[in-house]
Trainee: 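Structure in structure tokens, see below.
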Amino acid sequence: MEGEWILMVTAKAPSNISVIKYWGKRNEALILAVNESISITLDLNHLCTTTTVAVSPKFKKDRLWLNGKEMSLSSDRYQNCLREIRSRGDDFEDDEKGIKIMKVDWMRLHFHMASHNNFPTGTGLASSAAGFACLVFALAKLMNVKDDMSQLSTIARLGSGSACRGLHGGFVKWVLGTDKKNGKDSFSIQLEDEKHWEDLVVLIAVVSSQQKEISSAEGAPLTVATSPFLHYRAKEVVPKRIVEMERAIRSRDFTTFAKLTCADSNQFHATCLDTSPPLFYMNDTSHRIINCVEKLNRHEEVPQGAYTFDAGCNGFLFARDRKAAALLLRRLLYYFPPNPDTDLSSYILGDKSILKDAGLENIDDVEKLPVPPEIRDKVPAQRFRGNINYFICTRPGPGPVLLSDQGQALLDPVTGFPK
């Protein structure tokens with residue numbers, strides 16, 4: 001096994017957004033949630049983490065670089081993930097490169113790991129979920145781990161609870177489990193794949209790219225300790241919503257999906273307000289986005305859109321189909337136009353074809369948008385120019401994938417250090 005060789009793997013993993021949310025844990029060490037949750041995996045062409053992992057007998061210690069900056073690996077979350085994945089490594093042999101690694105060798109070999117998010121970190125866009133899902137997936141491929149995605153999700157969970165849902169594509173459920181000793185039965189399962197509901201469109205309103213003042217890791221334990229409402233929600237409300245949401249997803253019932261998604265987001269933030277001291281993750285722009293969707297749905301009489309906010313001010317909006325997405329985007333751009341010197345193609349990222357569906361080619365088209373009919377002859381319309389940094393148009397997508405192109409690797413194949 002000794003030598004100067006470096007074995008390396010690069011992978012991409014998507015972000016995911018919960019529609020039935022989890023907030024807080026019944027076991028902090030094992031990252032066991034107080035309630036089950038359901039999420040949608042987003043297209044990794046639009047929001048993803050890229051991670052390169054390398055192993056070599058010449059590496060002296062485990063090292064991690066995130067977005068080009070070296071990070072400490074001293075936290076329990078990293079240590080627990082690395083310890084668990086090492087215990088599941090299997091024999092590996094590459095005759096061409098002269099590499100032979102026995103199962104027991106993984107416990108003493110060290111890793112270099114580099115990760116990059118193509119979206120803001122620590123802002124309520126599930127960067128830690130994508131990061132740990134990608135890290136565990138890449139290490140599993142590097143170490144020839146034989147576990148399936150649900151089994152791997154129990155390792156990703158040790159890094160970030162939501163990361164366990166990031167090992168699958170499409171529509172995913174994090175099962176609560178009953179094993180209090182090691183949490184082996186608290187894992188994720190795929191309810192439906194990403195092609196199940198192809199009409200569904202996701203619009204993300206990036207209100208802020210700044211890291212939030214209180215992280216989820218800090219805020220959630222505070223809610224568990226001080227909010228009676230959280231425990232009522234976990235016991236009495238969420239179990240019923242899980243059943244209803246599974247049924248809505250399987251039948252592609254957007255009306256029920258929208259009702260549950262909006263209600264659960266609002267209730268999650270109510271538990272944050274019920275925390276002592278209260279937690280404020282949304283801001284005035286977040287509330288105006290909610291108002292925009294609610295007004296549109298009331299005007300159309302049948303829900304065309306839905307919203308959800310994780311622990312942050314950035315909004316995830318769902319539209320029942322492309323026509324509804326175009327309608328919703330026109331409303332959003334009316335209320336939240338970019339600054340006049342903005343190139344529209346830099347204000348709408350991801351699937352830019354939504355602009356054509358909305359009949360918008362340039363910034364002049366945005367300035368000419370008519371007053372939405374639901375506010376005409378009532379309160380004078382207000383526009384909040386510059387309050388949203390940009391939008392991302394995306395869709396449900398697949399789970400993590402390996403990258404065969406070495407040009408996309410974040411580590412140098414010769415040195416094992418960041419390029």
Trainee: Any side-chain donor paired with an acceptor under 3.5 Å for Ser286 and Asn283?
Mentor: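 Result is yes, a qualifying pair exists.
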Trainee: Taking Arg395 first and then Asp351, would you say they form a salt bridge - that is, a charged N and a carboxylate O separated by under 4.0 Å?
Mentor: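 Between Asp351 and Arg395 there is a salt bridge, with a charged N closer than 4.0 Å to a carboxylate O.
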Trainee: Do Trp23 and Val34 pass the side-chain contact (heavy atoms from CB on, under 4.5 Å) test, and can you show the C-alpha distance, the side-chain angles, and the key distance before you say yes or no?
Mentor: CA-CA 7 Å; Trp23 184 248; Val34 298; over 6 Å; no
Trainee: Ring centroid separation for Trp197 and Phe257, is it under 6.0 angstrom?
Mentor: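 Yes: the rings meet the under 6.0 Å criterion.
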Trainee: Would you call Arg322 and Asp357 a salt bridge, using N to O less than 4.0 angstrom?
Mentor: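 Here Arg322 pairs with Asp357 in a salt bridge, since their nearest N and O are under 4.0 Å apart.
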Trainee: Within 45° of the six-membered ring axis of Phe384 and under 6.0 Å from that ring's centre, is NZ or CZ of Arg288 located there?
Mentor: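 Yes, Arg288 sits over the ring of Phe384.
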Trainee: Between Thr51 and Ser115, do the side chains contain an N or O donor and an N or O acceptor separated by less than 3.5 Å?
Mentor: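 Judged by distance alone, the side chains do pair up.
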Trainee: Would Trp65 and His112 satisfy ring-ring contact (aromatic ring centres under 6.0 Å, His included), going step by step from the backbone distance to the final call?
Mentor: CA-CA 8 Å; Trp65 292 266; His112 282 189; 5.5 Å; yes
Trainee: Could Lys100 and Phe92 be counted as a cation-pi pair, given that NZ or CZ must be under 6.0 Å from the ring centre and within 45° of the axis?
Mentor: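 Because its charged atom misses either the 6.0 Å distance or the 45° angle limit, Lys100 does not stack over Phe92.
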Trainee: Take Thr50 and Leu403, measure what side-chain contact (heavy atoms from CB on, under 4.5 Å) needs, and give me the verdict at the end.
Mentor: CA-CA 9 Å; Thr50 301; Leu403 300 180; 4.2 Å; yes
Trainee: Under a plain distance cut-off of 3.5 Å, with no hydrogens placed, do Thr178 and Asp185 share a side-chain donor-acceptor pair?
Mentor: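 Note: Asp185 and Thr178 side chains meet the donor-acceptor criterion.
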Trainee: Side chains of Lys212 and Ser216: donor-acceptor distance under 3.5 Å anywhere?
Mentor: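 Yes.
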Trainee: Charged N to carboxylate O below 4.0 Å: is that the case for Asp179 and Lys184?
Mentor: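 A salt bridge is absent here (no side-chain N lies under 4.0 Å from a carboxylate O).
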Trainee: Under 4.0 Å between a Lys/Arg side-chain N and an Asp/Glu carboxylate O for Lys21 and Asp310?
Mentor: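 Counted as a salt bridge, because a side-chain N and a carboxylate O are separated by less than 4.0 Å.
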Trainee: For residues Phe309 and Phe268, establish whether the separation of their ring centroids is below 6.0 Å.
Mentor: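 Judged by ring-centre distance (under 6.0 Å), Phe309 and Phe268 do not meet the cut-off.
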Trainee: Testing Arg233, Lys259, Lys240 one by one against Asp264 for a salt bridge (Lys or Arg N to Asp or Glu O under 4.0 Å), which residue passes?
Mentor: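 Among Arg233, Lys259, Lys240, the one meeting salt bridge (Lys or Arg N to Asp or Glu O under 4.0 Å) with Asp264 is Arg233.
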Trainee: Does the structure place the NZ or CZ of Arg383 under 6.0 Å from the centre of the six-membered ring of Tyr334, at an angle of no more than 45° from the ring's axis?
Mentor: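 That pair qualifies as a cation-pi contact.
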Trainee: Distance only, no hydrogens: is a donor on one side chain within 3.5 Å (strictly under) of an acceptor on the other, for Asn117 and Thr49?
Mentor: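 Result is yes, a qualifying pair exists.
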Trainee: Using a 3.5 Å distance criterion without hydrogens, assess whether the side chain of Ser160 forms a donor-acceptor pair with backbone atoms of Ala156.
Mentor: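 Between the backbone of Ala156 and the side chain of Ser160 there is no qualifying donor-acceptor contact (under 3.5 Å).
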